[in-house]
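Remarks on the structure that follows.
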Amino acid sequence: QVQLVESGGGLVQPGGSLRLSCAASGSIASIYIMGWYRQAPGKERALVATITRGGTTNYADSVRGRFTISRDNAKNTVFLKMNSLKPEDTAVYYCNAQAERGYWGQGTQVTVSS
């Protein structure tokens with residue numbers, strides 16, 4: 001079993017920045033990839049970014065160049081630094097870990113509005 005706890009969401013103005021954190025606990029040795037997904041009202045959950053244990057990253061086209069995913073293996077934590085935020089980035093952001101199955105965090109709200 002893997003437990004994921006997200007933090008760092010909130011309200012930010014367009015053009016602003018936020019950093020999300022996801023702390024993993026439990027059977028963390030089994031995790032081979034972690035990532036962030038988001039779900040806006042009325043839309044399906046969609047990939048934002050992923051990072052492998054070795055540090056290989058992947059980004060959705062809509063966030064590439066603005067968001068950066070990173071991980072601290074010693075602290076079992078994954079981060080998502082979000083810059084140049086736009087109103088269309090407003091969503092609930094979920095942390096995901098892939099091990100013997102997929103695990104999800106509880107989600108954290110990000111609202112980009114003036």
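We're numbering straight along the sequence, starting at 1. Atom set for the values below is all heavy atoms of this structure, side chains included, hydrogens, waters and symmetry mates excluded.
- Side chain of Ser27 to backbone of Ser30: no donor-acceptor contact under 3.5 angstrom is found.
- Looking at Thr90, its side chain does come within 3.5 Å of a backbone N or O of Val112 through a donor-acceptor pair.
- Remark: side-chain polar atoms of Tyr59 are paired, donor with acceptor, to backbone N or O of Ile69 under 3.5 angstrom.
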Next on the checklist: Between Phe67 and Leu85, is the side chain to side chain contact (heavy atoms under 4.5 Å, CB included) condition met? List the steps.
Outcome noted: CA-CA 9 Å; Phe67 292 10; Leu85 282 161; 3.8 Å; yes

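- Once rounded to the nearest 0.5 Å, the distance linking CD1 of Ile31 with CG of Asn73 reads 10.0 Å.
- The salt bridge (Lys or Arg N to Asp or Glu O under 4.0 Å) test applied to Arg45 returns no partner, not counting sequence neighbours.
- For Gln39 (side chain) and Tyr93 (main-chain N/O), no donor-acceptor pair under 3.5 Å exists by modelled atom type.
- Between Leu4 and Gln106, the shortest heavy-atom contact is O-OE1, 3.7 Å.
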Next on the checklist: Apply ring-ring contact (aromatic ring centres under 6.0 Å, His included) to residues Tyr37 and Trp104 and explain how you reach the verdict.
Outcome noted: CA-CA 10 Å; Tyr37 291 71; Trp104 294 97; 5.1 Å; yes

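- Among residues two or more places apart in sequence or in another chain, the side chain to side chain donor-acceptor pair (under 3.5 Å) test is passed with Tyr103 by Glu100.
- Here Asp89 pairs with Arg38, Arg66 under the side chain to side chain donor-acceptor pair (under 3.5 Å) rule; sequence neighbours left out.
- Listed here is the closest heavy atom pair of Ala97 and Val2: CB-CG1, 4.4 Å.
- When hydrophobic residues (I, L, V, M, F, W, Y) are linked wherever their side-chain heavy atoms come within less than 4.5 Å, the members clustered with Ile33 are Tyr32.
- Every residue was checked against the side chain to side chain donor-acceptor pair (under 3.5 Å) condition with Arg53, not counting sequence neighbours, and none meets it.
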Show which side-chain atoms of residues 7-26 pair as donor or acceptor with protein atoms under 3.5 Å away, not counting sequence neighbours.
from, atom 1, to, atom 2, distance (Å)
Ser17, OG, Asn83, OD1, 2.9
Ser25, OG, Gln3, OE1, 3.4

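- Criterion: ILVMFWY side-chain heavy atoms under 4.5 Å apart, direct or through other members. Under it, Tyr94 and Ile51 are not part of a common hydrophobic cluster.
- Criterion: ILVMFWY side-chain heavy atoms under 4.5 Å apart, direct or through other members. Under it, Met34 and Ile28 are part of a common hydrophobic cluster.
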Item to check | Test log, rule side chain to side chain contact (heavy atoms under 4.5 Å, CB included), inputs Leu80 and Val48 | outcome: CA-CA 9 Å; Leu80 185 68; Val48 176; 4.1 Å; yes

